[in-house]
2 protein chains.
Amino acid sequence: MTREPVAATEVFKALGDPIRWNIVQQMAQQEELACSILEDTLPVSKPTISYHTKILTQAGLIEVRKRGRNYFYSLRREVLRSLMDEMWLLAPGPRLVADGGEEPAERSERPALKAAVGDDSSRSAALLTW
Amino acid sequence: MTREPVAATEVFKALGDPIRWNIVQQMAQQEELACSILEDTLPVSKPTISYHTKILTQAGLIEVRKRGRNYFYSLRREVLRSLMDEMWLLAPGPRLVADGGEEPAERSERPALKAAVGDDSSRSAALLTW
DNA sequence: TCAGTAGTTCAACGAACGTCAATCTAACGG
DNA sequence: CCGTTAGATTGACGTTCGTTGAACTACTGA
C-alpha cells in the first residue's frame, strides 16, 4: 500500500533509471498498462521487469492491479505532482495556486484516471498568482 | 560546461541521493553557497563532498565558481524547471503556458540569479491555460 | 620563500544496483 | 485433473555507487 508519503530522494532514485523512466512514460499515455506490453517493448528479461516495477511500486509511483493471471500497472500522478511541488519550492516560477479543483491528493482511491493527456481537446484557463 | 542538455534520468539520479538533495536544497535558499559551508553542515568527509558536487555538476544542476582558493556553487534553476516541464507532460495539471518572460533556457550566461525565493515580496499574476 | 589552508584526485573497500537462469506460484483451458 | 501460461521470487554474478585516508594542487599570507 505504502500510504505514508515516500521520501523525495527515493522517488528521484526510482526515476533515475532509463528503463524505469521508460516505463513511467509509457504509463502516462496508457492510463493502465499490461505487464505483457512491457515485456514486448523493453529490451530486458521478465525478472528484470518485475524488479523495476517493484521499485516503482515501493516508491509509490505506480499502482498494481491483478486481474486473473494478468497484472496491470497504472501511474499515480499525484506522487509525480507532489514531487513537482517540492521541486518548485527550490526553483519557483509561474504556477497555479488555486484552481478550484480537487484536493492535493490522497482522495481518489480506485484507478479512474482520465486526466487530459491530449486525447480530448479540453482547454481550460485560470488566474495564476505567485 | 555541459552545454548540451543532460538526459532526464541522469538528473533524477543526481537528485536521488539524500546528501545531494540536501545540497540542492541549501543552494536553493543561499543563492550562492561556499564549499566550506557544506563541510560544516554535512556529516561526510571532504572528498565525499567533492564527489557529490561533481555529480551535481555533471548533471548540470549546479555551477561552480572559483574565487581564490574558495569554491562557490550555485543552483541552475533552469535545469530544475525543464525537468519539471518533462514531468508535467506525464502528470498534466494547472500550469502557466505563456508568461511573456524569457526564453525557456540557454540564455543567461553569468550567474545573476535573483529569482523570488521569498525575500522580496513581489507578487505577480498571469493568465493560465492548459 | 615557505608553511598553512581549501579543495580536488587517487586507490581501495564494502554496499547497493541491474541483470538473468532457474524455480516457484497462481490462474486458465482442456 | 494436468499441461500451459503470466508473472513474481530466489540465487548468483558483475558493475556501479558512496565513502574514506592519503597524496596532490593551487592559492594565501607572512
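Throughout, protein chains are lettered first and strands after them, A, B, ... in sequence-line order, and every chain is numbered starting at 1.
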Find the distance [X]:[atom1] to [N]:[atom2] and express it as a whole number of Å.
| X | N | atom1 | atom2 | result |
| --- | --- | --- | --- | --- |
| B:Arg69 | C:dG4 | CZ | C1' | 7 Å |
| B:Leu33 | C:dA6 | CG | C1' | 15 Å |
| B:Ile49 | D:dC17 | CD1 | C1' | 17 Å |
| A:Phe72 | D:dA6 | CZ | P | 12 Å |
| B:Asn70 | D:dT28 | CG | C1' | 10 Å |
| B:Trp21 | D:dC17 | CH2 | P | 20 Å |
| B:Asp40 | C:dT5 | CG | P | 15 Å |
| A:Tyr71 | D:dA8 | OH | P | 6 Å |

Sub-3.5 Å donor-acceptor pair from the side chain of [X] to the main-chain atoms of [Y], do we have one?
| X | Y | result |
| --- | --- | --- |
| B:Thr57 | B:Thr53 | yes |
| B:Arg20 | B:Ala14 | yes |
| B:Arg81 | A:Pro92 | yes |
| A:Arg77 | B:Leu90 | yes |

Sequence-aligned protein contact record of nucleotides 16-25 of chain C, with B where the base is within under 4.0 Å of a protein heavy atom and S where only the sugar-phosphate is: -SBBBBB---
Nucleotide nearest B:Thr53 (side chain, heavy atoms from C-beta), chosen from C:dT8, C:dG7, D:dT4: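 Taking heavy atoms from C-beta onward, the closest nucleotide is C:dT8.
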Phosphate contact (D:dG7 OP1 or OP2) by A:Lys54 side-chain N/O below 4.0 Å: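 No, outside the criterion.
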Distance below 4.0 Å between A:Tyr73 side-chain N/O and D:dA8 OP1 or OP2: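 It does, given that an N or O in the side chain of A:Tyr73 lies less than 4.0 Å from OP1 or OP2 of D:dA8.
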A:Val6 to A:Gly60 - nearest heavy-atom pair and separation: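 Residues A:Val6 and A:Gly60, closest heavy atoms: CG2-N, 4.4 Å.
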Short side-chain donor-acceptor distance under 3.5 Å, A:Thr41 and A:Gln26: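 Yes, a side-chain donor-acceptor pair sits under 3.5 Å.
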B:Leu80/B:Leu15 under side-chain contact (heavy atoms from CB on, under 4.5 Å): CA gap, chis, key distance, verdict: CA-CA 10 Å; B:Leu80 231 34; B:Leu15 294 173; 4.1 Å; yes
